[in-house]
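Atom set for the values below is all heavy atoms of this structure, side chains included, hydrogens, waters and symmetry mates excluded. The chains referred to below are lettered A, B, ... by the order of the sequence lines, with proteins before strands, and numbering in each begins at 1.
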Amino acid sequence: DSGVTQTPKHLITATGQRVTLRCSPRSGDLSVYWYQQSLDQGLQFLIQYYNGEERAKGNILERFSAQQFPDLHSELNLSSLELGDSALYFCASSTLGAGNTIYFGEGSWLTVV
Amino acid sequence: AQRVTQPEKLLSVFKGAPVELKCNYSYSGSPELFWYVQYSRQRLQLLLRHISRESIKGFTADLNKGETSFHLKKPFAQEEDSAMYYCALHLGGSGNTPLVFGKGTRLSVIA
C-alpha cells in the first residue's frame, strides 16, 4: 500500500459526459501528480500541484482540469468525454526531501462508451 | 528536452537466465533516475532509484553518465518478475518535479 488513495476504482460513462476523479495523497505529501496511462500512449504526465498551486503542466487537454484543495486532496475533472479518453488515470504524490520518490495510487479505470 | 528511451517493448527470457532491461536518457544536467514496476495494470511501484544504489528483488541498476544509460539487471530471472518495467527521469533533474517515463518494457519470464 503506497498510501495514495484514488476513487473511484472503475468508472463507465458515455461520450460527452463529465467525470471527477479524486485523489488523497500520502500523509504529509504536498505534491500531487496526475498521469494518464493508455495502451498506445504509455504513461503521460498531465499536471502537478504543490500545496494548492499548479506547479507543472504536461500533456493535459483543455477539456481536462484539476485542482488541489487546502486539505491537499486533488480532483481531476474530465469533461466532454471522448472514446479516446478511456484510460487508467493515476495519481501520485511526493514530498521534498524524502528521496524525491513519487508514490502512485491504484489508479482509476475510466471507460467511455 | 528530457527524454527516456526504452528500446525494447517486449523482452522474453527463460527462468534462471540473466535479464537486462535497457534505458537511455537525454538530460543535460545531473539526472535523477528511477525504475518502476507494474504488475497486471496495477499501480506503479518503485523498484529502484539510482541515488540510493540499492538492490531490490535481486535487481540492480547503475547510472552510466558517459553512455547516458540506466539499465536494469538481474542475474537470474524468476517467473514472478514478469511485469511491465518503466524507467523514469525527474523532469528538471530535481525532486518534487514530475517524472518523465519511458514507454516501458514488458518482461516475460518463461518457465
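When hydrophobic clusters are built by joining Ile, Leu, Val, Met, Phe, Trp and Tyr residues whose side-chain heavy atoms come closer than 4.5 Å, directly or via intermediates, B:Leu63 is grouped together with B:Leu89. Hydrophobic clustering (ILVMFWY, side-chain heavy atoms < 4.5 Å, transitive): A:Leu43 and B:Phe34 are in one cluster.
Atom OH of B:Tyr39 sits in a crowded spot, with more than 12 heavy atoms from other residues, nucleotides or ligands closer than 6.0 Å. Heavy-atom neighbours of A:Ile12 CD1 from other residues, nucleotides or ligands within 6.0 Å: at or below the threshold of 12. Heavy-atom contacts from other residues, nucleotides or ligands closer than 6.0 Å to CD of B:Glu80 number more than 12. Atom CZ of B:Phe14 is surrounded by 12 or fewer heavy atoms from other residues, nucleotides or ligands within 6.0 Å.
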*Give the intermediate values and the outcome of ring pair (Phe, Tyr, Trp, His ring centres under 6.0 Å) for residues B:Phe101 and A:Tyr35.*
CA-CA 10 Å; B:Phe101 284 87; A:Tyr35 284 84; 5.5 Å; yes

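Contact annotation for A:Gln37: both backbone and side-chain heavy atoms come within less than 4.5 Å of a heavy atom of chain B. Proximity to chain A (any heavy atom under 4.5 Å) is shown, for B:Leu44, by both the backbone and the side chain.
Nearest heavy-atom pair across A:Gly105 and B:Arg43 is O-CB, 2.8 Å.
Among the candidates B:Gln38, B:Gln45, B:Met84, the residue making the largest number of heavy-atom pairs closer than 4.5 Å to chain A is B:Gln38.
The shortest distance between side-chain heavy atoms of B:Tyr36 and A:Ile102 falls below 4.5 Å. Residues A:Phe45 and B:Leu99 are not in side-chain contact: their nearest non-hydrogen atoms beyond the backbone lie 4.5 Å or more apart.
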